[in-house]
Amino acid sequence: MTGRVSDAGLPLDGVRVLDFSRLLPGPWATQMLADMGADVIKVEHVEGGDPSRHNPPMAGDTSVYFRSVNGGKRSLALDLRAEPSKAVIRRLFGLSDIVFESFSVGTADRLGVGYRDARALRPDVIYCSISGYGQDGPRSSVSGHDLIIQATSGILSPQPGSLPHFQAGDYSAASMATIAVLAALRQRDASGEGGHLDISMADSLVAMGAIALGPGLARAAGFPGEPRIEVWGANPRYAIYPTVDGRTVAVCLLEARLWRAFCEAIGRLDLASEDERPEQRHSSHGARGEEFRSAIASWCAARTAAEIDAVMRPLGLPVAAVATADEAVSDLHNRQRGIIAQGDAGSTPILANPLARAGLARPERSAAPALGEHNHAILAELGLNNERGHIAPSQGEDARTES
């Protein structure tokens, strides 16, 4: 294990976060803040709570998805349209350093929980709005589900017709929101001022699209944009190949030294060239491309995934089986690194915070809360009794933009 940054406590000890967000980007970001020591109060509708509580697969009566992005928080179940709830929120605004929301644009203001409402009670509040396309612009009213964000960002174009297996739009916004809040806290330490952070899933993903958008950026400046970086399968040394046991392996042999080591390992040094140029690294390798592809495919097709791993891993070569979800969860490397941690008896394993190794996050995270689990404790902290804090059920809140 590498050295810890500090043993003086967690970075966000004493920071309170009021979290109106739900589903993925906001909750993942606020879980990161909770891991770093913040007291996160998750405000949920009294009827049903965060919709992700019902996302499959389930572990008993709890969503695995919900558990994975809401650990370490306290749940406060309210109806934001009810007057007693508004009194609770006003008190929480006055005590909160950070507020998160992911309502449709304009909904927070209509509910009386917008930036101006929070700032009136806490002038230095850091208020983070996460939405699909931001608080303004031609698409600002469009619901921000991950697939539509990926589609309009341009990163799906190299793979037309295929659906992504990773919620890049959601997690890019969650990461940007976390970074933004930490930077805003540091700025507030210096200036005493808070502010309104407008975090867009689309902005976040486009900003991370250097490879996919590279040809378009070049053409916008009057250049041809070709050849492009080949990371979508046209490069035979950066692709996926089937094995004899029905598995697939990822082959990542971009650098000339890795390619030469691989060729030596499979007895095909004739495929390696002493004068390979740096610009060939991310290319289709021209006339030799199909020769490379045939050699790699033949070698992989004659072996099991385990046999390939037994040859490649000792050489430090990046060729490995495409893991299933079950294999990744039980993987020895992941377990030893602590990124997959065993939860309490009978609970699902935990996707741990990688910052814990540096002492920047909790080494263990408490379980995601039941709906309204902390109502009594939070109301007591605010000086409210149960009768005054009880909120009568009503119709559901306006839709929020996450996926």
Side-chain angles (χ1 to χ4, degrees), residues 10 12-23 26-27 29-31 33-53 62 66 69-103 107-130 181 185 188 194 196 365-398 400:
L10 293 171
L12 298 185
D13 284 343
V15 172
R16 172 169 285 171
V17 178
L18 187 59
D19 183 15
F20 296 102
S21 70
R22 59 185 188 173
L23 298 174
T30 55
Q31 179 175 263
L33 300 180
D35 288 346
M36 288 186 271
D39 173 22
V40 177
I41 296 177
K42 181 179 178 67
V43 180
E44 303 182 71
H45 195 276
V46 69
E47 293 180 347
D50 185 332
S52 70
R53 287 184 176 276
T62 306
F66 181 84
V69 296
N70 286 288
K73 306 177 187 181
R74 299 195 286 169
S75 172
L76 178 65
L78 300 173
D79 177 354
L80 294 181
R81 289 195 177 89
E83 190 54 43
S85 291
K86 296 178 181 179
V88 174
I89 294 302
R90 284 195 292 270
R91 294 204 183 192
L92 285 172
F93 273 156
L95 298 171
S96 298
D97 299 281
I98 302 162
V99 177
F100 269 77
E101 64 92 3
S102 59
F103 295 102
T107 299
D109 290 333
R110 290 196 297 273
L111 290 173
V113 297
Y115 172 59
R116 287 173 295 180
D117 303 291
R119 189 175 186 277
L121 295 163
R122 179 70 186 257
D124 65 348
V125 69
I126 295 168
Y127 190 100
C128 184
S129 295
I130 301 181
V181 163
L185 279 171
R188 189 175 75 175
H196 187 187
R365 179 190 300 139
S366 60
L371 177 60
E373 179 178 343
H374 301 96
N375 271 42
H376 179 80
I378 294 170
L379 294 175
E381 291 170 14
L382 298 176
L384 300 174
N385 59 39
N386 289 336
E387 181 179 354
R388 184 178 175 185
H390 175 71
I391 310 301
S394 73
Q395 297 301 311
E397 301 169 51
D398 290 357
R400 309 182 185 187

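Small disclaimer: the values here were computed from a predicted structure and weren't measured.
When all heavy atoms are compared, the tightest approach of A77 to N375 is N-OD1, 2.7 Å. Scanning all heavy atoms of the two residues, the minimum distance from D109 to Y115 falls at OD1-N, 4.1 Å. Of all heavy-atom pairs between D35 and L10, the closest is O-CD1, 3.9 Å. The two atoms that bring F93 and G112 nearest to each other are CE1-O, 4.0 Å, heavy atoms only. The minimum heavy-atom distance between L371 and R53, with the atom names listed, is N-NH2, 3.2 Å. Residues P369 and R74 come closest through the heavy atom pair CG-C, 4.2 Å.
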If you apply the rule side-chain contact (heavy atoms from CB on, under 4.5 Å), what do you find for D97 with I126, and how did you get there? CA-CA 6 Å; D97 299 281; I126 295 168; over 6 Å; no

Between E101 and V113, does a side-chain contact (heavy atoms from CB on, under 4.5 Å) hold up when you go through it step by step? CA-CA 9 Å; E101 64 92 3; V113 297; 6.0 Å; no

Mind running side-chain contact (heavy atoms from CB on, under 4.5 Å) on D79 and H45 for me, showing each step along the way? CA-CA 5 Å; D79 177 354; H45 195 276; 3.9 Å; yes

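Using a 4.0 Å cut-off between charged side-chain N and carboxylate O, R119 and D117 make no salt bridge.
In this structure, the side chain of S52 does not engage the main chain of F66 through any donor-acceptor pair within 3.5 Å. Side-chain atoms of R188 come within 3.5 Å of backbone atoms of D124 as a donor-acceptor pair (strictly under, hydrogens ignored). The backbone N or O of L382 sits less than 3.5 Å from a side-chain atom of R91, completing a donor-acceptor pair. A donor-acceptor pair is defined here as one N or O able to donate and one able to accept, closer than 3.5 Å; no such pair exists between the side chain of H374 and the backbone of L76. E373 places no side-chain N or O within 3.5 Å of a backbone atom of S75 that could act as its donor or acceptor partner. With K42 contributing its side chain and A368 its backbone, the two residues share no donor-acceptor pair below 3.5 Å.
To the nearest 0.5 Å, the span separating CG on L18 from OG1 on T30 amounts to 10.5 Å. Rounding to the nearest 0.5 angstrom, the gap separating the CG atom in D39 from the CD1 atom in I98 is 11.0 Å. If you take CD1 on I89 and CG on L111, they are separated by 10.0 Å, rounding to the nearest 0.5 Å. Distance CG/L92 to OG/S85: 10.5 Å, rounded to 0.5 Å. Here the CG-CD distance, from D19 to Q31, works out to 11.0 Å after rounding to the nearest 0.5 Å. Atoms CZ and CG, from R110 and L80 in turn, are 13.0 Å apart once rounded to the nearest 0.5 Å.
In this structure the side chain of D50 reaches within 4.5 angstrom of the side chain of P27, judged on heavy atoms. Contact check for F100 versus V17: side-chain heavy atoms found under the 4.5 Å cut-off. For the pair S96/V125, no side-chain contact is recorded, criterion being any heavy-atom separation below 4.5 Å from C-beta on.
Shown here is R16, whose CZ atom has more than 12 heavy atoms of other residues, nucleotides or ligands within 6.0 Å.
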